[in-house]
Amino acid sequence: MNGQLWSGGKASRMKWTGRVAMLLFGMAALFGVACGGYQASVPVAPGAPAAAVSFCGGTESGCAPSGSFAVSGTRSLNVVVEWKNVPAGTHSQKVSFVLPSGDEYQAFEQSFEVADGSSESATVTQSLPVAGTWIAQRRLSGMWQVNFFLDGTPMGTQAVQLTQ
Amino acid sequence: MWNWSRTKAIAAMSCGALCVFTLTGSATMARERKILQKKATVPVDPQNRAADAWIDQANTGTNHGSDATLQVSSQTGNKNQRALVEFDLSSLTNSGIKLATLSLFMTTAPSASRTYQARRITSFWKESDVTWANRVSGIAWTAAGGDNDGITTQTATTGTTNNTTISWDVTAAVQQWFGSNTPIANYGTMILDGTENSATTRTAVFSSKEAATEANRPSLTVEFVQNVQALTATTGNAQVKLSWSYPSAIGTVLSATNGVLIVRQSGGTVPSTVVPTDGTVYSRNAGCTNLISTATVVFVSSSLPTSFNDSAPGDNADCPPANDTVYAYKVFAKDAANNYTESGASSQFVPFTAANPSATVTSQWATTWVAPTGVTNLAPPGISPGNVVVLPTNSNLITGIKPSDGTFVFTPFSTAAGISGRPPVLDLGFSSTGFGTSYTADAQGFIYATDIATGNLLWMTNPTSNTANAILGGAGTFVVSTESNLGLSAYTRSTDLVIVGTDNTTTTSANQVIGLDGNTGATAWSFVGGGANPNMDIVTSTPLVDYTNNAVWVTSHGNGGTTQPSLWKFNPNNTGTRLLASANLNNISNSASLAYSADLLFVGNDSGTLYAVSTGINTQGAAAAASLATGDTQVIGSPLVYGKTSPYTVIISTATKVRAVKYTKGSATFTTTGTGTWTTTMPGTTPCTPSSPIGYDGLSTVYVGCTDGTIYQFDVTTGTITGSRFVRTGTTLGDATIDVTLSLLIFGASSSRVYAIPFPF
């Protein structure tokens, strides 16, 4: 299971529990994460920025939410980050993909805007191409780590499985 | 944050015709002030990549890239204004950044003092296109008003006095561009009001690089430490000899170089986190237990040495290297105050080399050079043999390396996104641009033409104005001079043609192949799948140019089956039928390879089948001449085809094997037995996955990198592994490029490095 919570930019992590799972299920239903929303989360400390992360794999028939993806049938790995309690203004999300060997594969930085007075969450999707890439060509399978940053501050790490 | 003495400043900056800076003396630490200015007509201007503009929320589509001013304003009613400034830092090669200060000359102050923020811009933008809405013509910022890092701490107060200089400390951003653990692309700095939407309009006007008074143009003052260069290693029996040189100083010298600190680590790499601390004195001790993080201090000298003999009879009696162990070395230049090339951050750009001492002469080897790439880099480099290696990277950078010693030909040039394909490189005299030219395509669909002598951008374009149309393969290049040299004339265009295919994973039908004018980047023609055309799934390969048949061959995925084409034959000319033929061969991720006489091509698909296809096909859904199911999951990379005439020898990599088969023209099958055919399973309990094989007709060996961190040498005739070079445990090696002039194999790795190793082994 790949449920994780982060809050306040301190990379604090909360273990997945049944109670939290229920809460997250509710949040996922509430916020409707893109690509089906494999999971969601809420901030630990009220008012602190928090990220809810989910993965879905783009296939020839759509985008299937999961925590494990077969390299051979995945066109792209989409990481959906739902930001809560982020103050108004322009922000930067960085997503770093780390190979099972510990080497960084690639990092992406993407800006997003939170409007003044907005209480909405901001959802930012980062797509990592898989089909035809070095991931498929070198069979770079195993447990990858995905690191998340908000405005340069580490917000947490999420594991995702790539299989052959 | 800045605590060392600057007692040895020996020269002052002066301005030449272009007023950039003057190079002075030998230094390890120096200061340079860069002045933003107009592009020069000569390609040697170090500020040729520089840009500035201001963007206006009240006029979201208006470009101010050529204005003589930069405006920053806070005004309610969606009328804010922001300034964008990007400096060309290409002259600061191989340097660790200590301090960077951005200064703008404010000609008109706001009516009340304001706090202005300096933020790092996080997306590629173009000076002549940029607006509040768009970063490049037709391509919007992700966040209107400019994508930036969201960090609000770098601030300056304007005051209310006209004609004053306002400065921001932008050290963190410049360090990230140059020396961070994961170098990132330089898209410049945004200046904005920290409290926008003011009820009372508050506007400041600054001089831009177009300002008439040169001294008033934007400037960036950088203090930095230059490292050694041309680091090489030679190996012997329990011995590794390193040598290096010191670069000419850049800018105003603050403190002269007096020596080096060298660290060593077994296992093929020194982690980028191994960084000495400024002001700290290091030394090697008996037993060599003095470490910097995980690396051993093996040599410290304050007498400007240019070599280090790591051996007991040489310079290291305390802990000489053991035989048959791969060691990595990093060399940090230092000054008298023990300021090191890198400190506080990391050391991606510190010279690095690997070597394997051995009692057996044939087992002694060392890298010719190692170059950093920031993140995993498996794309094969482009090359002009003996001249320049063009390194594409996943960290949005293109770098030019001198293949003989690893020094920069041109420093990293920032692209919009990562690069996965080999950039073609055309030497001066071959390219129709009039420059030695490299074409690079990136994962946001941008294509760049770069002068390989300077790294200057000749043109860039995003032909579909859609960043979802990624280009994962390299650019194919139809070269006029080659057509002429071959005595052919079917290609009717007067300039070179650059061909790319799109990897838009959201569609299995509407991907595109685009032909661009090599001189200008203008779209010469395009083919869009779907509609009246056959569906086109993603293209992840480099188009193959076929001069003999005046065709461009493109491979694509086939929507996971054989109901739509995956091998395409296109007409490269501006006129005439575009799609000449196709074949439905299931998903193909790699390029095809032509036989010497161009009567056949060979291509492997992602299901492990190798095909021979007649280049004379002229129908849609054409059948392959022959196929071979390898039974090994997938064909990796492009086939190597040996032989001047049929029968041809075809060498391929599959998921766990490398094999050679033969094909006789006209036959319905491949020959898999007999002389010259072989199958070799890759080493390992679970065999490693090989890269695309590389070699050339006439070479008796072929080379394959693997996911076990080793590059293997095969005998072409027998398939016997006759040698290997272990780079690093747990490292995946990318497709190699061969420098035939220097007999070098050059390949990237997941260890964020590109290695150059001599062959044969």
Side-chain angles (χ1 to χ4, degrees), chain A residues 49 57-63 71-78 86-94 96-116 122 124 127-141 147 149-153 164, chain B residues 119-120 122-123 141-152 172 181-182 184 197 374-376 378-379 394-395 417-418 420 443 470 472-473 503 505-506 508 537-541 557 559-560 587 589-590 606 633-634 636-637 655 689 691-692 707 730-735 749-752:
Chain A
T59 67
E60 278 142 6
S61 58
C63 195
V71 170
S72 58
T74 302
R75 293 165 72 84
S76 60
L77 175 63
N78 298 310
V86 177
T90 303
H91 298 276
S92 174
Q93 168 189 288
K94 180 182 172 185
S96 164
F97 295 88
V98 180
L99 289 163
S101 64
D103 295 318
E104 184 172 30
Y105 179 76
Q106 193 165 7
F108 300 90
E109 197 167 18
Q110 192 174 162
S111 288
F112 63 98
E113 189 81 28
V114 175
D116 280 332
V124 184
S127 181
L128 177 71
V130 174
T133 68
W134 303 111
I135 298 171
Q137 288 290 301
R138 293 294 183 279
R139 301 157 65 85
L140 301 176
S141 58
N147 301 321
F149 302 80
L150 176 67
D151 298 339
T153 302
Q164 287 302 322
Chain B
R119 300 192 188 185
R120 180 174 56 82
T122 56
S123 291
W141 297 101
T142 303
D147 301 339
N148 62 74
D149 65 5
I151 296 174
T152 60
N181 191 28
T182 305
I184 59 176
N197 305 311
V375 294
T376 292
L378 303 180
N394 252 352
S395 49
S420 301
L472 288 194
D503 173 60
T505 59
T506 65
T508 57
D537 200 352
I538 56 174
V539 177
T540 62
S541 59
H557 281 212
N559 196 13
N587 290 352
S589 292
N590 294 287
D606 296 357
T633 308
Q634 63 190 115
I636 292 174
T689 299
S691 68
S692 185
T707 52
T731 295
T732 295
L733 304 186
D735 287 352
S750 61
S751 57
S752 308

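Small disclaimer: the values here were computed from a predicted structure and weren't measured. Proteins come first, then strands; the chains are lettered A, B, ... in the order of their sequence lines, and each starts at number 1.
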Would you compute the distance between atom CG of N197(B) and atom CG of D116(A) and round it to the nearest 0.5 angstrom? 6.5 Å

Pick one of side chain, backbone, both or neither for S691(B), based on which atoms fall under 4.5 Å of a heavy atom in chain A. both

For R119(B) and D151(A), run salt bridge (charged side-chain N to carboxylate O under 4.0 Å, His left out): C-alpha distance rounded to whole Å, both residues' side-chain angles, the deciding distance at 0.1 Å, then the answer. CA-CA 11 Å; R119(B) 300 192 188 185; D151(A) 298 339; over 6 Å; no

Quick check on side-chain contact (heavy atoms from CB on, under 4.5 Å): which of Q164(A), Q137(A), R139(A) does T689(B) satisfy it with? R139(A)

Is A144(B) close to chain A through its backbone or its side chain, or both, or neither, when contacts mean heavy atoms under 4.5 Å? backbone

Between A143(B) and F112(A) the two heavy atoms that sit nearest each other are CB-C, 4.3 Å

Heavy-atom closest contact (T90(A) atom, G146(B) atom, distance): CG2-O, 4.1 Å

How many angstroms lie between OG1 in T505(B) and CG in N78(A), if you round to the nearest 0.5 Å? 7.0 Å

Considering only heavy atoms and a distance below 4.5 Å, find which of D149(B), I636(B), T731(B), N590(B) pairs most often with chain A. D149(B)

Option that, when pairs with chain A are counted at under 4.5 Å, heavy atom only, ranks first among N394(B), T540(B), D735(B), D503(B): N394(B)

Which atom pair, heavy atoms only, marks the closest approach of L472(B) to P129(A)? CD1-CB, 4.2 Å

Residues forming a side-chain contact (heavy atoms from CB on, under 4.5 Å) with T732(B), sequence neighbours excluded: R138(A), L140(A), L378(B), T707(B), S750(B)

Give the minimum heavy-atom separation between T142(B) and S111(A), together with the two atoms involved. CG2-O, 2.8 Å

One option among S123(B), G418(B), A379(B) has the most heavy-atom pairs under 4.5 Å with chain A, and it is A379(B)

Show the nearest heavy-atom pair for residues I538(B) and R75(A), with the distance to one decimal. CG2-NH2, 3.3 Å

Minimum heavy-atom separation for N148(B) to S92(A), with atom names? O-CB, 3.4 Å

Roughly how far, to the nearest 0.5 Å, is the OG1 atom of T122(B) from the CZ atom of F108(A)? 14.0 Å

